[in-house]
Each structure stands twice: as C-alpha cells, then as structure tokens.
There are 2 protein chains.
Amino acid sequence: MKDQLSQKFAALADPTRRAMILRLFKGEASVSEIAEPFLEQMSLPAVTKHLQVLERAGLVVKTQDTQRRICSLNLEGLKEANEFMEQYRFMWEQSLDRLDSYLKSANAKKQSSTRSPTNGRKKQSK
Amino acid sequence: MKDQLSQKFAALADPTRRAMILRLFKGEASVSEIAEPFLEQMSLPAVTKHLQVLERAGLVVKTQDTQRRICSLNLEGLKEANEFMEQYRFMWEQSLDRLDSYLKSANAKKQSSTRSPTNGRKKQSK
DNA sequence: ATGTTATTTAACTGGATGGTTTAATAGTGG
DNA sequence: CCACTATTAAACCATCCAGTTAAATAACAT
C-alpha cells in the first residue's frame with residue numbers, strides 16, 4: 001500500500017476524479033448524483049470505483065442516508081495534498097515572480113525593472 | 001496520452017519523484033547527482049525513468065552540459081499543478097478555518113467564539 | 001583507436017489501474 | 001414477502017507503471 005500523500009496525488013491524476021471533487025466543492029451529493037454527468041462515458045460501477053479511490057485517498061468521505069450514500073469533501077485531506085507545494089511556496093513564488101516579470105518584459109519588448117508589483121496570483125491576506 | 005494536468009499529478013504520486021523535486025528546489029543537478037541518494041534502493045535506469053516522467057509532465061527540464069545532463073525545475077509546470085487547488089483556495093480556506101476552529105474548540109473542550117484568530121497555516125502576505 | 005564516464009534504450013516482469021458485465025447486498029414501500 | 005431503488009462486489013481484461021539486467025550511445029581523455 002502506498003503512502004497517503006502518494007495516494008492523494010494518484011487520486012487527483014484523473015480528470016473524472018478531479019471533476020468529481022470540483023462537483024463536491026459545490027456541496028455534498030449522493031453517488032448517483034455524482035455519477036449522473038459521467039454515465040454516458042462509463043458505467044455506474046466505474047463511478048463507484050472512482051469514488052472508492054477518492055475515499056481511500058482521504059479526499060472524500062461517505063455517510064449513509066437511508067439507501068443513499070452521501071459523499072462530501074474531506075478538506076483536511078485536500079489540504080495535506082496541497083501542503084507539498086505549500087511547503088515551498090515562498091521559494092517558489094519568488095522564482096515565479098521573477099519569471100512573471102521576465103515574461104512580461106519579454107512580451108512588452110522592453111527591459112523594465114526586475115520586479116513587477118501587479119500580480120493576480122498573489123493572495124491577499126484576508 | 002493523458003492530459004497535462006493528470007500527468008503532473010501522476011508524476012507527483014511517487015515519493016521518489018517528490019524527493020527529486022524537493023532536491024531540485026535547492027538548485028539544478030546532473031542525473032547522477034540526483035540519483036546518488038537513491039542508488040541503494042534502485043538502479044540508475046530506474047532513476048532515468050523517474051526523471052523522464054517528471055520531464056514529460058513538464059515539471060523538470062533537462063539541458064546538456066558536455067557529458068552530463070543538467071536537470072532543473074520547471075516552476076511554471078508546478079504552478080499549473082497547484083492551480084487546481086488554487087482555483088478553489090478561497091472557498092476551501094474558509095471551510096478549513098471553520099474546521100480549524102471547530103477542532104480547536106473541541107480539543108479545548110470549551111465553546112468559544114466561532115472564529116479563532118491564531119492560525120499557523122494562514123499565510124502572511126509577504 | 002581505446003577506454004572511461006554519464007546517461008539512455010530495449011526487453012522483460014509483476015503488480016496496479018480503469019474499464020467492462022453480471023450478480024449480490026441493503027434499505028423502502030407496498 | 002415482493003418489487004424497486006441505490007450501491008457495491010466479483011471476475012475478468014487490456015493497458016500502464018516501476019523496477020530489473022544487459023546493451024547501446026555520447027562525449028571526453030589518453
């Protein structure tokens with residue numbers, strides 16, 4: 001069995017599963033509700049399997065409601081996956097800023113100063 | 001062939017490859033330099049293959065220097081992988097804050113106000 | 001030319017993944 | 001009990017993946 005973090009990334013390495021996660025960002029849903037957009041491309045058992053992958057990876061949790069199984073995101077799990085990048089965010093963003101301004105000045109065909117202050121990616125500190 | 005984003009996540013879904021990326025955050029390195037810490041666990045061709053996975057995923061680039069191949073991170077590539085989460089960061093952090101304070105009050109066994117201000121995770125805006 | 005160092009390719013293996021179809025399980029409502 | 005709905009399990013298949021060993025390629029040094 002793989003380590004948890006690898007399982008999480010592996011779970012994210014599939015467009016169907018990412019779409020399911022994005023769906024669940026909007027709110028919890030039963031298995032069939034989640035399956036609905038995919039049933040033209042794959043069978044229900046395939047959907048179940050994808051959900052199991054997400055569950056084993058700790059990204060989704062299921063609870064029972066009468067016959068239905070209700071799935072919802074496990075945000076803590078997603079957080080853990082993001083932490084791999086988060087861990088290096090500082091170093092990384094610094095480099096990306098340099099890259100951003102390089103690309104910008106290259107596009108603008110002018111050699112402006114080394115740091116560009118406008119940056120949609122930079123997060124506001126709430 | 002898979003979509004780029006899936007390839008990136010798949011590339012990250014392996015502890016060896018993540019370790020390689022973390023190594024490259026410290027600076028570029030030749031294949032053998034990267035391989036060195038792993039050679040007790042696997043052969044050189046295995047390392048080459050891992051690097052190829054990272055390269056195909058757009059996370060690493062290789063340039064040639066005499067006999068050596070020098071590998072370095074492609075930060076733009078990493079950024080793209082992170083954007084999947086970034087895309088939902090706002091919604092997500094809000095929920096995590098709620099979760100944080102819930103866990104905190106649960107641990108502290110006291111029903112404090114709904115928002116706890118101390119939070120190591122929250123990033124300072126540089 | 002020959003050998004040495006650095007890296008990749010080729011061919012192969014075992015095990016995981018993503019899908020299928022058919023059948024089983026479980027709860028709800030006559 | 002019986003039928004219906006919702007979901008999963010089992011068995012199977014094709015492909016991909018991570019590793020192996022042995023051989024090929026490439027650049028350099030003598």
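Chain naming here is simple, since letters A, B, ... match the order of the sequence lines and numbering starts at 1 in each.
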Taking the side chain of B:Ala46 as heavy atoms from C-beta outward, which of D:dT8, C:dG19, D:dT20 is closest to it?
D:dT20
Hey, does the side chain of B:Ser43 come within less than 4.0 Å of D:dG19's phosphate (OP1/OP2), counting only N and O?
no
Look only at the side chain of A:Arg56 and the backbone of A:Leu51, and say whether a donor-acceptor pair between them is shorter than 3.5 Å.
no
Rounding to a whole Å, what distance do you find between A:Arg69:CZ and D:dT5:P?
16 Å
Would you say C:dA26 has OP1 or OP2 under 4.0 Å from some side-chain N or O of A:Arg68?
no
Between D:dA18 (C1') and B:Arg17 (CZ): distance, integer Å
8 Å
Using 0.5 Å steps for rounding, measure from the CD1 atom of A:Ile34 to the CG atom of A:Leu44.
11.0 Å
When you measure from the side chain of A:Gln64, which nucleotide among C:dG19, D:dT8, C:dG27 comes out closest?
C:dG27
CG of B:Leu44 versus C1' of D:dA23: gap in Å, rounded?
14 Å
Can you check the B:Phe9 CZ to C:dT17 C1' distance for me, whole Å?
18 Å
Between A:Ile70 and A:Lys2, who's closer to the 5' end of DNA chain D by nearest nucleotide?
A:Ile70
Could you tell me how far apart A:Glu40 (CD) and C:dG19 (P) are, to the nearest whole angstrom?
16 Å
Report yes or no: does B:Asp65 contribute a side-chain atom to a donor-acceptor pair with the main-chain N or O of B:Arg68 at less than 3.5 Å?
no
Quick one: is C:dT8 close enough that its OP1 or OP2 comes under 4.0 Å of any side-chain N or O from B:Lys62?
yes
With nearest nucleotides of DNA chain C determined for A:Thr16 and B:Glu33 from heavy-atom distances, which residue corresponds to the more 5′ nucleotide?
B:Glu33
Could you tell me how far apart B:Gln7 (CD) and C:dT17 (P) are, to the nearest whole angstrom?
17 Å
Any side-chain N or O of A:Thr66 less than 4.0 Å from the OP1 or OP2 oxygen of C:dG27?
no
In whole Å, what is the span from the CG atom of B:Asp65 to the C1' atom of D:dA26?
14 Å
Closest to the side chain of B:Gln67, out of D:dA18, C:dG18, D:dA27, is D:dA27
Tell me whether the OP1 or OP2 atom of C:dT9 has a side-chain N or O from B:Gln52 closer than 4.0 Å.
yes
Scan A:Ser30 against the nucleic acid and name what it touches under 4.0 Å (heavy atoms): base, sugar-phosphate only, or nothing.
sugar-phosphate
Okay, side chain of A:Arg18, backbone of A:Leu12: is any donor-acceptor separation there less than 3.5 Å?
yes
Is the shortest side-chain heavy-atom distance between B:Val60 and B:Ser72 below 4.5 Å?
no
Where the side chain of A:Pro45 is defined as all heavy atoms beyond and including C-beta, which of D:dA9, C:dT8, D:dC28 is the nearest nucleotide?
D:dA9
Rounding to a whole Å, what distance do you find between B:Lys49:NZ and D:dT20:C1'?
8 Å
Measuring from the side chain of B:Val31 (C-beta onward, heavy atoms only), which nucleotide among C:dT8, C:dG27, C:dG19 has the closest atom?
C:dT8
B:Asp14 side chain, from C-beta outward: closest of C:dT9, C:dG18, D:dA18
D:dA18
Give a yes or no on whether a salt bridge exists between B:Lys8 and B:Asp3, defined as a side-chain N under 4.0 angstrom from a carboxylate O.
no
